[in-house]
Colleague: 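Pasting in a structure now, in structure tokens, and then I'll have a few things to ask.
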Amino acid sequence: ITQKLNFQRINDIFHSMEMLTKLLELYFTFFKIGSITFGGGLTMLPILERELIDSRKWITSEELLDYYAIAQSTPGIIAVNVSTFVGHKQAGIPGAIFATLGMISPSIIIITLIAEFIASFDSIPWVKKAMKGINVGIAALLTTTVISLFRKTVKRWWHFILYAAAFVSVSFFHARTIIVILSAVAF
């Protein structure tokens with residue numbers, strides 16, 4: 001019996017170490033994603049695809065699109081919601097917590113440093129130039145995201161008609177987004 005208990009204890013320790021390793025991997029993966037991305041959740045899509053689907057194979061492309069759809073319709077930041085979903089899939093509630101903390105930690109650190117050390121951050125010339133460059137990068141990422149989502153979701157001719165109608169309604173006629181979404185659901 002003593003030997004059986006020792007094996008169980010060793011097994012529990014091994015399982016705890018595996019879980020800790022997975023939680024730290026989730027935290028640092030999402031820390032990296034959160035620290036290199038500007039512009040919000042949609043600009044993160046190419047990076048999330050590369051890191052979560054291609055490199056780590058934690059989720060599929062379809063799951064990422066589902067997570068994005070759910071994240072857009074729930075309160076909160078899209079990227080944080082997606083990190084929570086992926087973390088939960090990988091390691092349950094602790095995984096969701098570690099992934100979420102990993103995603104938000106870089107922003108908290110950067111904002112704290114800016115607030116602490118630089119009184120008028122936006123008036124510094126090199127910061128203004130850096131922000132202009134970042135805006136160009138964000139525009140490129142958003143364009144890539146729109147093209148990627150378009151290719152994955154527009155499969156039939158009437159999907160394209162709905163897509164075009166939604167774009168024109170919101171962009172040119174300033175239609176309320178909720179009405180456009182509900183109209184699309186009706187089809």
Side-chain angles (χ1 to χ4, degrees), residues 26 29-93 95-108 110-111 122 131-187:
L26 283 164
T29 297
F30 283 103
F31 186 93
K32 180 174 108 176
I33 293 168
S35 65
I36 61 172
T37 311
F38 288 87
L42 291 176
T43 60
M44 288 185 176
L45 185 60
I47 296 165
L48 289 169
E49 284 179 332
R50 185 178 62 241
E51 192 66 34
L52 304 177
I53 297 168
D54 300 335
S55 296
R56 301 196 184 274
K57 305 208 183 320
W58 284 347
I59 58 173
T60 65
S61 184
E62 292 78 22
E63 286 174 315
L64 183 59
L65 286 176
D66 289 344
Y67 291 163
Y68 254 74
I70 294 168
Q72 286 181 326
S73 61
T74 56
I77 301 166
I78 295 170
V80 173
N81 291 343
V82 169
S83 68
T84 304
F85 295 143
V86 173
H88 188 271
K89 181 180 181 195
Q90 291 298 304
I93 292 174
I97 292 168
F98 272 71
T100 302
L101 289 174
M103 184 62 86
I104 65 172
S105 293
S107 297
I108 291 171
I110 291 167
I111 290 169
D122 61 342
M131 288 301 178
K132 285 181 183 178
I134 289 169
N135 285 338
V136 171
I138 289 170
L141 282 172
L142 282 171
T143 302
T144 302
T145 301
V146 169
I147 291 168
S148 174
L149 288 173
F150 182 84
R151 287 181 179 157
K152 290 176 183 174
T153 58
V154 177
K155 302 288 186 195
R156 296 186 176 94
W157 65 269
W158 59 273
H159 290 164
F160 177 76
I161 300 296
L162 282 175
Y163 174 82
F167 177 78
V168 169
S169 298
V170 172
S171 297
F172 298 110
F173 298 110
H174 307 290
R176 298 178 134 226
T177 312
I178 189 68
I179 293 171
V180 173
I181 292 170
L182 293 175
S183 300
V185 169
F187 286 99

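For reference, positions follow the sequence shown, starting with 1.
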Colleague: What verdict does the side-chain contact (heavy atoms from CB on, under 4.5 Å) test give for Leu52 and Phe30, after you've listed the backbone C-alpha separation in whole Å, the side-chain angles of each residue and the deciding distance to 0.1 Å?
Modeller: CA-CA 10 Å; Leu52 304 177; Phe30 283 103; 3.9 Å; yes
Colleague: How close do Thr100 and Ser83 get, counting heavy atoms only, and between which atoms?
Modeller: CA-OG, 3.7 Å
Colleague: Nearest heavy-atom pair of Gly87 and Ala99: which atoms, and what distance?
Modeller: CA-CB, 3.8 Å
Colleague: Could you check if a side-chain atom of Asn81 sits within less than 4.5 angstrom of a side-chain atom of Tyr67, using non-hydrogen atoms only?
Modeller: no
Colleague: Would you say Leu64 and Leu45 make side-chain contact, with heavy atoms under 4.5 Å?
Modeller: yes
Colleague: Within the structure provided, determine whether Thr84 and His88 are in side-chain contact (heavy-atom separation under 4.5 Å).
Modeller: no
Colleague: How many angstroms lie between CD1 in Ile47 and NZ in Lys32, if you round to the nearest 0.5 Å?
Modeller: 9.5 Å
Colleague: With a cut-off of 3.5 Å and sequence neighbours excluded, list every side-chain donor-acceptor pair involving residues 167-175.
Modeller:
from	atom 1	to	atom 2	distance (Å)
Ser169	OG	Ala165	O	2.7
Ser171	OG	Phe167	O	3.0

Colleague: Determine the minimum heavy-atom distance between Ser148 and Glu49, stating which atoms define it.
Modeller: OG-OE2, 3.5 Å
Colleague: Rounded to the nearest 0.5 Å, what separation is found between the NZ atom of Lys57 and the CD1 atom of Ile59?
Modeller: 12.0 Å
Colleague: Using side-chain contact (heavy atoms from CB on, under 4.5 Å), reason through Leu26 and Trp58 one step at a time and then give a plain yes or no.
Modeller: CA-CA 10 Å; Leu26 283 164; Trp58 284 347; 3.5 Å; yes
Colleague: Output the distance between atom CD (Glu51) and atom CG (Asp54), rounded to the nearest 0.5 Å.
Modeller: 9.5 Å
Colleague: Hey, does Tyr68 have a side-chain heavy atom less than 4.5 Å from the side chain of Leu48?
Modeller: yes
Colleague: Where the side chain of Ser35 meets the backbone of Phe31, is there a donor-acceptor pair that is under 3.5 Å apart?
Modeller: yes
Colleague: Can you name the nearest heavy-atom pair linking Thr60 to Glu63, along with the distance?
Modeller: N-OE1, 2.8 Å
Colleague: Going by heavy atoms in the side chains, are Phe160 and Phe150 under 4.5 Å from each other?
Modeller: yes
